[in-house]
Amino acid sequence: MLLSAALFIIGVVGVMVRRNIIIIFMSIELILNAVNINLVAFSAQLQNAIGQVFAVFVIAVAAAEAAVGLGIILAFYRNKETVNIDEMNLMRW
Amino acid sequence: MGQAIAFYGLSFFILFFAVLVVSTKDTVHSVLFLVLDFLFVAALYVLLGAQFLAAIQVLVYAGGIVVLYLFVVMLVNLKRPPEAYEDPHRRTNLGFALAASVLLEVGAIATYGYASPAPALARASEVFPVSGNTEEVGWLLYTSYLIPFEIASMLLLVAMIGAIVLAKREL
């Protein structure tokens, strides 16, 4: 529980503080991993496999998110030659 | 006792590598630390009795997602690292403050949870008469959670098509 919370907070710090969008994506993966650890810990505690089923779904969603997110990064890099989120203001009005 | 030592050792390594992932300057090093972190999380799953999930973790995360990250890091070969550019409007302290507030919230939840322990839940393992971790998870996936399973497969298909479209040079 506390391990999961600590990992989650490291992920949040990574999202908030870093400027490289690839590292921000990796921090999001860390957050999802923290959630998975929590699910599996409760699954072991309650002798119930449903938590592991949900963790499998979380892994599937994380894979989808990583694929789409990295596709967006590649498309953006091709246009702008940067991965700095402070320079990503294409949609600013 | 040995299990507790293993748990704390694994937790220490997981948190250590997570801090390294977030704090390293070099993105390639960060990705490699992420692999180590995922492998230790998989070891933790084995410790918690979720062998199937540990295998999935190694295959999907350490094998698939991280290779994807490495490819992207190599493709976006940066001549000018993003951290060198200093934005005057950037508020790094605000990020730390937000993370600290999340920490406070989680700490409050933890202390409150320890103060009033949850009522003992009924053991549900008798409902599923199968034994073995993988068998149990597979049984649940294909009976109670069949529709979410199919929706997840649709999501993966859509994500795959979307990623291909986004990464194409011209439509």
Side-chain angles (χ1 to χ4, degrees), chain A residues 1-3 5-23 25-27 29-30 33 36-37 40-41 43-44 46-57 59-68 70-75 77-78 82-87, chain B residues 11 14-15 18-19 21-22 27 30-31 34 37-38 41 44-45 48-50 52-53 56-57 60-61 64-65 68-69 72-73 75-76 78 82-83 85 87 90 92 95-96 98-99 102-103 106 110 121 123-125 128 133 136-137 140-141 145 148 152 155-156 159-160 162-163 166-167 169:
Chain A
M1 228 353 231
L2 287 177
L3 163 70
L7 190 59
F8 192 92
I9 284 157
I10 291 172
V12 171
V13 171
V15 170
M16 292 296 164
V17 172
R18 291 309 296 266
R19 272 191 283 276
N20 189 338
I21 193 170
I22 298 172
I23 291 183
F25 264 92
M26 285 193 275
S27 306
E29 300 289 333
L30 283 181
N33 247 299
N36 269 348
I37 289 173
V40 173
S43 161
L46 302 175
Q47 297 290 312
N48 193 330
I50 294 175
Q52 296 180 26
V53 173
F54 274 95
V56 169
F57 286 137
I59 288 178
V61 172
E65 171 259 333
V68 174
L70 293 173
I72 291 173
I73 292 175
L74 272 185
Y77 179 75
R78 221 169 265 137
T82 180
V83 290
N84 186 344
I85 55 161
D86 287 339
E87 295 173 21
Chain B
S11 313
I14 288 170
L15 294 179
V19 170
V21 166
V22 173
T27 315
S30 190
V31 174
L34 194 67
D37 201 63
F38 286 159
V41 172
L44 186 69
Y45 287 163
L48 289 172
F52 174 67
L53 211 58
I56 294 291
Q57 169 95 2
V60 175
Y61 266 117
I65 292 179
L68 207 62
Y69 274 105
V72 171
V73 170
L75 277 174
V76 294
L78 289 172
E83 312 289 340
Y85 172 84
D87 187 1
R90 179 97 190 160
T92 305
F96 276 114
L98 210 55
V102 174
L103 176 68
V106 171
L121 291 170
R123 293 291 166 99
S125 55
F128 309 106
N133 183 264
E136 204 172 344
V137 172
L140 273 172
L141 264 181
Y145 293 91
L155 172 74
L156 282 176
M160 185 176 76
L166 279 171
R169 272 181 200 284

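Letters A, B, ... mirror the listed sequences (proteins, then strands); counts begin at 1.
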Structural part of B:Leu34 lying under 4.5 Å from a heavy atom of chain A: side chain

Worked check of side-chain contact (heavy atoms from CB on, under 4.5 Å) between A:Gln52 and B:Tyr45: CA-CA 10 Å; A:Gln52 296 180 26; B:Tyr45 287 163; over 6 Å; no

Non-hydrogen side-chain atoms of A:Asn33 and B:Tyr61 separated by less than 4.5 Å: yes

Which portion of A:Ile72 sits near chain B, non-hydrogen atoms under 4.5 angstrom: both

Approximate separation, where rounding is to 0.5 Å, of A:Asn36 CG and B:Phe38 CZ: 9.5 Å

B:Leu156 versus A:Ala60, closest heavy-atom pair with distance: CD2-O, 3.5 Å

Shortest non-hydrogen contact between B:Val60 and A:Ala63, atoms and distance: CG1-CB, 4.4 Å

CD1-CG distance between A:Ile59 and B:Leu53, expressed to the nearest 0.5 angstrom: 4.5 Å

Least distance between heavy atoms, A:Ala67 atom then B:Ala163 atom: O-CB, 3.7 Å

Spatial distance of atom CD1 (B:Ile65) from atom CD (A:Glu29) [nearest 0.5 Å]: 4.5 Å

Nearest-0.5 Å distance that lies between atom CG in B:Leu166 and atom CG in A:Leu70: 11.0 Å

